[in-house]
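Heads up, the thing below is written out as structure tokens.
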Amino acid sequence: MMIQIAEARISYGDSPAILKDVNLTVNKNDWITILGVSGTGKTSLLNIIGGLLRPTAGEVEVEGRNLQALTREEMQEYRRNKIGFVYQDFKLFDQYTVLENVMLPQLPYDSHKKLEKQAIQLLEQVGLSHRLSHLPAELSGGEKQRVAIARALIGCPEILLCDEPTGNLDNESTKTVMRILQELHKGGLTILLITHDNSLASYGNRIVTTGDGTIVELDGE
Amino acid sequence: MKQLLKGNLRYFKRTNSLFIAAFVLIFSVTPIALYSIANLSHSIHADIVQHSRGSYDLLVRPPEAITTLEEEIGMVPENYIGGGQGGISLNQWKSIKNNIHTEIAAPIASLGYFTGLNTTLGVLPSPKVPSVYEVEYVTSDGVNEYTTDTYRQIFMHSAERGLPLVTQVEMLSYIHPLHALFPLPITYNLLVGIDPEEEEKLTGIDFASIQFGKEAEGIIRKNTAGHEKLKDAQIVPVLQLRDDTISLEAKVSSGELAYSPQEIQKLVEEHGLDEQQLIDFENPGTRKLFERLLRSPVTNEFSHDLSLLGYLQPFNAEAKGLVVMEDGEVEDMDTYSDTTSYASSVNWNSSTKYYKAGPVPYKRTSDGLQVTQVGTEHGVPIYRSLEEKGTTITSDDQTADSLSILTDPVGYYETGKTKERLAASPLGIYQLEPVTYKETDGVMKTLTPTYTPGSFVTAPAEGVTNIESSRLVKGDTPIDAIRVKVADITDYTPSAAQKIEDVANEIRGMGLHVDVIAGSSLQTLDVDVEGLGVVQESWTSLGASGKIVNQWNATTLVLAIMFAIVAFLFLMNRIRLWSGERQQSVQLLKLLGWTSKDIRKLYMKEMNRLLMIVVAVSSVFIITFIYANEVSFRLAVYQVLIVVVLVLLIIGFTCGQVQRLLHNPENTKKGRKVTRSRSLVVRNILYYRKSITATFIQLIIVSSLASFVYLSLNESVMQTNATVLGKYVNAEIGNWNKLLLAATYIMAFITLLENMSRMLQERSQELESLKQIGWKFKDIQRTFLKELSIWTGTSVVCGSVLSGLLFATFYPITGTNALFLLLTSVALFSLIIAQCYILVNYRIRKIMP
Ligand SMILES: Nc1ncnc2c1ncn2[C@@H]1O[C@H](COP(=O)(O)OP(=O)(O)OP(=O)(O)O)[C@@H](O)[C@H]1O
Ligand SMILES: [Mg+2]
């Protein structure tokens with residue numbers, strides 16, 4: 001049991017809850033595809049797992065640790081070392097090279113040499129070893145997303161949170177990205193992936209949908 | 001980390017260069033500003049120390065002599081001996097003189113207006129045929145001319161036969177059968193008692209010849225022998241003023257009557273007059289004939305306008321007359337009378353009479369000072385009351401005092417030329433400062449004293465005698481004022497000022513009034529004199545140097561505060577922009593799990609790197625500035641100081657900004673409200689309220705300071721320019737304050753420019769959308785400019801109102817000030833609109849080339 005969400009309730013400010021009675025258990029090496037109409041709280045759900053959002057009620061436990069109990073420093077450490085993020089809009093630093101972008105998350109916390117080696121390795125893994133000193137502006141969308149994935153992996157996370165990683169990509173790039181994720185999943189990574197593309201659900205082993213203010217897990221295949 | 005730093009520096013190359021440029025500006029300008037402020041006060045201080053001590057420090061007068069006006073306006077008129085009633089005894093003077101803290105104690109006692117012998121003016125050529133002679137005496141106060149006396153005589157026969165015809169009693173003593181002879185006017189001159197030794201120490205003029213007890217050559221006794229009323233009079237030695245300024249002119253004219261002696265004889269008979277009646281000047285028939293002849297045509301006329309200045313001795317003791325030669329030259333009668341029977345006549349009549357003049361009755365009005373005419377004397381307006389003392393020798397009045405002194409001229413003294421003096425030390429008796437009058441055509445005229453006593457301009461002391469002699473006339477307390485110089489002081493430093501004040505208090509303890517003249521300066525006052533118009537008179541403004549220092553201290557403070565405010569805004573704004581550019585990166589790093597500490601470290605490192613470049617560049621700039629302008633190396637010291645302060649300040653700000661980004665990320669969209677106003681422009685303004693606010697406030701501050709500081713600077717210069725010392729100080733200050741002002745304006749302008757530019761950049765998305773939906777260039781431009789001009793205009797108006805209020809609390813509001821305020825606001829607004837126009841166009845061109 002990797003992640004345990006119990007009776008969580010998510011709301012912004014005083015407005016009514018976006019999600020109520022959220023119960024979800026994520027096991028190690030699960031690949032959960034999250035589907036749902038826009039605005040139903042998919043991103044919010046990922047954010048409470050990523051520690052970017054605190055549920056207004058209920059519990060979120062990751063590896064037995066209650067996220068609410070973490071201090072700010074501990075939370076940052078958790079995010080850095082346990083979680084990898086991949087976004088639809090890549091969120092790369094325009095001012096840094098591909099290599100720097102990948103090293104960036106761990107840069108203050110590990111030796112430069114080791115990180116560089118690791119980053120080059122990761123970039124090789126996503127097929128971008130020839131783009132090390134390029135700036136993001138010089139990359140295609142698919143390449144950017146692969147850099148983002150490499151970056152998400154630099155801290156050797158156990159969980160990868162992907163918020164519509166292929167939303168901005170064409171078919172070809174989508175396939176490349178999904179294949180990389182598949183590789184990673186095979187390597188033991190737990191993946192939660194939001195998508196609007198129902199066909200991508202086949203990559204995962206479980207499906208969760210949002211709607212009507214709560215989440216529902218679809219049974220079987 | 002190093003790599004990231006490089007990435008940051010590389011990526012933000014354009015904005016970082018701007019940042020460096022802006023910070024180099026502030027790192028260079030602030031030390032220069034500090035230097036100029038220090039220079040400003042240093043220069044003022046040095047000027048005051050060097051130049052605000054005149055020839056003496058304290059003016060001691062009896063309390064009765066101080067007018068309420070003087071006390072009210074804190075000024076002393078040049079002629080402060082005023083009424084000359086005395087009030088200080090010789091013993092009091094001596095005890096001040098003997099005080100060990102006294103270097104000089106020079107007393108003055110005004111004795112009054114005296115005259116000497118009265119002699120004659122002869123006119124050549126002498127008559128050969130029946131002729132008319134006329135002499136008119138004219139005096140001027142510099143503005144108007146006054147005819148004081150007109151004397152006429154008519155020779156009816158050829159020269160050898162009979163006395164001339166006259167109708168004036170004064171003429172009776174002067175008629176001569178062969179020559180035309182007239183009385184010279186009686187000039188009354190101020191006689192002042194001084195102490196020769198002390199006065200010499202004060203003025204450098206040698207007065208030794210009037211030492212008490214010195215007898216003159218005795219001419220006076222010889223010439224007055226036999227006069228009963230002068231028998232007991234003591235002779236006092238008098239030094240006469242050489243460069244006298246008193247106005248006296250003679251208009252001499254003559255013409256030959258177109259009658260033969262026979263025809264005149266016929267006229268005499270026609271008037272039924274005999275020889276005896278002709279001599280009777282009061283006979284009506286004689287007068288009628290006189291008038292008749294005066295109206296008759298004349299031939300061979302001549303006339304001379306002569307200035308008698310320099311020919312008349314103020315205290316004449318010799319029986320010397322003057323004669324007007326045929327060519328109009330004036331000569332001593334002596335040299336002429338050797339060869340002819342022509343002789344001058346002497347008259348002691350008036351020399352036993354003298355006048356005391358009261359002070360000029362200055363009144364204070366809303367426009368300045370006013371003086372009304374008291375009366376006339378010999379047809380000349382007088383501005384001070386005259387008190388006649390003594391009596392004429394011929395008078396039968398037995399009750400009048402007999403004259404106690406006889407003035408015996410022993411030589412001349414000179415006061416030298418008027419020169420611009422920074423410190424005022426009105427000597428009271430030399431009248432060095434001219435009183436001027438501006439004609440309607442702008443010509444400046446110098447007012448002159450008339451030869452009659454009581455004119456507005458005080459005659460200088462035409463004669464000085466020793467102070468002991470003044471007792472003979474004025475009794476036991478003859479001294480009107482003592483001018484004291486305090487010992488052992490070289491410069492007018494604060495400790496010197498304190499010592500002067502101590503001595504002043506000591507003298508005040510004797511029951512005397514003391515004005516501290518050290519640190520005062522001359523100031524020109526407008527005086528509205530009845531019958532003359534508005535004239536400019538120099539008064540001594542007490543405590544002028546203190547006022548100058550205070551005024552400049554206040555202004556410097558205002559300048560410094562303004563500079564500090566603007567520099568602070570500039571700095572804050574720069575850092576705000578800098579951190580704004582890094583907002584997204586900070587958020588991302590946080591998302592990636594960096595701790596706040598590490599994020600902060602990254603940005604502080606970047607800031608440090610930038611600051612290093614800034615410090616290096618600005619140091620080079622300052623060093624170059626020092627060499628290029630030959631400025632003191634003190635500037636470099638200031639820079640080091642400023643660098644330390646600014647770096648600490650900037651690091652503090654930056655820390656705060658990064659912290660703010662970390663913990664409550666700026667959400668520009670937050671708080672934006674859509675209002676239901678109909679106007680698109682107003683809706684925009686309200687929607688972008690938040691990003692406008694900072695610039696709006698800044699604009700208010702800048703526009704209120706822009707006019708206020710300039711106005712107050714101007715006002716200070718004007719107020720301190722009133723005195724001579726202030727004028728000098730202002731000239732010495734030169735352009736330091738302007739430099740400061742310019743630097744401030746530049747910083748304020750850059751701040752606004754950057755803010756505006758950033759605001760428009762923020763809205764480039766909106767511009768893009770407007771373009772996409774098909775708006776024309778002109779329409780986008782118009783909408784944006786309209787919006788910008790509405791709120792910038794509002795803030796400029798607010799700022800100007802604030803400026804006006806601020807100014808009005810410290811200074812008087814005048815028409816020119818108000819106009820200036822209005823013009824600065826208009827100018828500032830125009831500048832801002834121009835700036836907006838350029839920025840808006842630049843932005844639109846970027847998306848619509
Ligand atoms: N910071 C926020 N403050 C207030 N409301 C928010 C905030 N973020 C999200 N919401 C609201 O919460 C609801 C859920 O948002 P969320 O981003 O989780 O939806 P989503 O399912 O991810 O949608 P999409 O598929 O469009 O990404 C939405 O209605 C949104 O308006
Ligand atoms: Mg979403």
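Lettering follows sequence order; numbering is per chain, from 1.
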- Note on the structure: side chain to side chain contact (heavy atoms under 4.5 Å, CB included) filter on A:S140, not counting sequence neighbours, yields A:E143
- Query: Between B:W594 and A:Q76, is there a donor-acceptor pair closer than 3.5 Å when you use the side chain of the first and the backbone of the second?
  - Reply: no
- May I ask you to decide if B:G593's main-chain N or O and A:R80's side chain share a donor-acceptor pair within less than 3.5 Å? yes
- Message: Quick check: closest heavy atoms across A:Y96 and B:L602, and the distance to 0.1 Å?
- Response: OH-CD2, 4.1 Å
- Query: So what's closer than 4.5 Å to chain B heavy atoms on A:I154: side chain, backbone, both or neither?
  - Reply: neither
- Item | Shortest non-hydrogen separation from A:R79 to B:K590 and the atoms involved | NH1-O, 3.9 Å
- Message: Is the shortest side-chain heavy-atom distance between B:Q584 and A:D94 below 4.5 Å?
- Response: no
- Message: To the nearest 0.5 Å, what is the distance between CD1 on A:I83 and CG on B:L592?
- Response: 12.5 Å
- Message: How long is the straight-line distance from NZ of A:K91 back to CD of B:Q587, given to the nearest 0.5 Å?
- Response: 9.5 Å
- Under 4.5 Å heavy-atom distance to chain B, tell me which part of A:L52 shows up: side chain, backbone, both or neither. side chain
- Item | Spacing of OH belonging to A:Y87 relative to CG belonging to B:L588, to within rounding of 0.5 Å | 8.0 Å
- Counting only heavy atoms not in A:Y109, do more than 12 sit closer than 6.0 Å to its OH atom? yes
